[in-house]
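Everything numeric in this text was worked out from a predicted model, so none of it was measured. Because only heavy atoms are used, hydrogens play no part in the values below, and waters and symmetry mates are left out as well, while side chains stay in. One-based numbering, in listed order, for ligands and for the atoms of each.
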Amino acid sequence: MLDQLKQLQAEALSAFTAAKDTNDLEAARVAYLGRKGRLSEIMPQLASLSNDEKRLAGQTANEVKAAIEGAFIAAQARIESTVAGANAERAWIDMTLPGNRPSVGHTHLTTQAIADLTEIFAKLGFNRQRHPEVDWDYYAFEALNMPKEHPARDDWETFFVADPDGKDVQTGELGKVVLTPHTSNAQVREMKKGALPIRMINISKCYRRQISARHLPVFHQIEGLMIDGNVTITDLKGVIDHFVKNFFGPNTKTRLRPYHFRFTEPSFELDISCTVCNGEGSVQGTKCKLCKAGWLELGGAGMVHTNVLKAGGLDPKKYTGFAFGWGVERTAMMRGGLKLDDIRMMYKNDLRFLKQF
Ligand code: DAH
């Protein structure tokens with residue numbers, strides 16, 4: 001029995017030394033120290049020994065058991081520290097590795113156009129002013145030579161703000177409140193500041209009761225106004241030309257076409273040579289898909305009407321000026337040479353569209 005015990009100790013010790021992970025360790029523990037393990041198997045033999053032999057074998061058995069338990073504890077400690085080491089290695093962070101870059105967005109097409117418009121006009125001394133987007137209809141219409149009930153007002157599909165039909169704080173007159181259907185309300189408001197000469201642009205949101213593939217109920221316009229002692233149509237043409245060449249490209253041409261607006265006299269529609277066919281009207285023999293005969297309509301302009309100057313408190317004998325206005329979204333599309341089937345695409349927030357600009 002003594003030999004068996006020594007043999008068992010040797011085997012157990014090498015089993016624990018060889019254990020590589022917690023599974024090996026548990027298997028060895030069950031095999032040698034378990035209730036039905038090898039040590040327990042040997043113990044019944046004690047019963048058949050003489051008293052002297054029994055004492056010696058019992059003592060040896062205890063020593064063997066202690067040695068095996070010691071080997072178990074040592075192996076357990078070794079395996080735990082290896083596992084902890086491996087975990088620590090996995091958790092280690094290399095601070096020098098490049099991180100995951102967050103995706104960087106960019107400004108919306110309309111915002112880009114607003115920034116460019118502002119910068120281009122600033123070079124000519126036109127400062128961007130802010131005027132209300134909810135205003136008295138006086139500034140949107142009457143002061144612009146469109147008296148109450150004038151049919152020309154129908155061209156601006158206006159949102160009237162319910163209720164207030166109160167007194168205009170500036171004029172004391174009764175009026176309605178509108179969501180500005182165009183940015184031209186800035187004209188008389190700017191004149192009334194009383195600081196001359198005037199060179200301003202007003203870029204704001206406009207609101208009209210229209211929604212379709214070609215119309216947005218909320219969109220942006222730029223309004224420009226210059227007033228001084230001797231401002232002429234030539235100045236208007238020069239300023240527009242400067243803008244058009246800087247915004248659409250140096251080869252773009254400008255055309256003023258006679259038109260009618262209530263607040264300017266004479267009035268014009270502004271056209272630019274097409275950004276796709278360069279004003280040719282056709283590309284390699286086929287009719288241009290974007291323009292009509294080489295020209296694209298940009299917006300309206302004209303010399304400020306004497307009634308408008310008067311509404312602004314200016315003497316038409318002393319002052320003359322020009323005004324212009326157009327839609328920012330349209331301008332952005334024209335620059336890109338884009339003909340959108342549906343203008344609402346611009347505000348659908350579809351990244352596949354937005355990322356292209
Ligand atoms: N306010 C006009 C519109 O919404 C555009 C316009 C035309 C503005 C002529 C002007 C101008 O300043 O002179 O259609």
- Distance under 6.0 Å and angle within 45° of the ring axis: does Arg257 meet both against Phe268? no
Tabulation required: pairs of a nitrogen or oxygen in ligand 1 and a protein nitrogen or oxygen under 3.5 Å; columns are atom names and distance to 0.1 Å; otherwise 'none'.
| from | atom 1 | to | atom 2 | distance (Å) |
| --- | --- | --- | --- | --- |
| ligand 1 | 1 (N) | His182 | ND1 | 2.9 |
| ligand 1 | 1 (N) | Ser184 | OG | 2.9 |
| ligand 1 | 4 (O) | Trp156 | NE1 | 3.1 |
| ligand 1 | 4 (O) | Arg208 | NH2 | 2.9 |
| ligand 1 | 4 (O) | Gln221 | NE2 | 3.0 |
| ligand 1 | 12 (O) | Gln187 | NE2 | 3.3 |
| ligand 1 | 12 (O) | Glu223 | OE2 | 2.6 |
| ligand 1 | 12 (O) | Phe324 | N | 3.3 |
| ligand 1 | 12 (O) | Phe324 | O | 3.3 |
| ligand 1 | 13 (O) | Ala323 | O | 3.2 |

Could you tell me how the ring of Phe261 sits relative to the ring of Tyr259: parallel (under 30°), tilted (30 to 60°) or perpendicular (over 60°)?
-> tilted
Looking only at atom types and distance, does a side-chain atom of Ser273 sit under 3.5 Å from a main-chain N or O of Lys253, one as donor and one as acceptor? yes
Original post:
In terms of the angle between their ring planes, are His182 and Phe263 parallel, tilted or perpendicular, with boundaries placed at 30° and 60°?
Top reply: perpendicular
Task: Six-ring centre of Phe121, Arg128 cation under 6.0 angstrom, axis tolerance 45° - done: no
Between Ser184 and the options Glu223, Gln221, Arg189, the side-chain hydrogen bond (donor to acceptor under 3.5 Å, both in side chains) test singles out Glu223
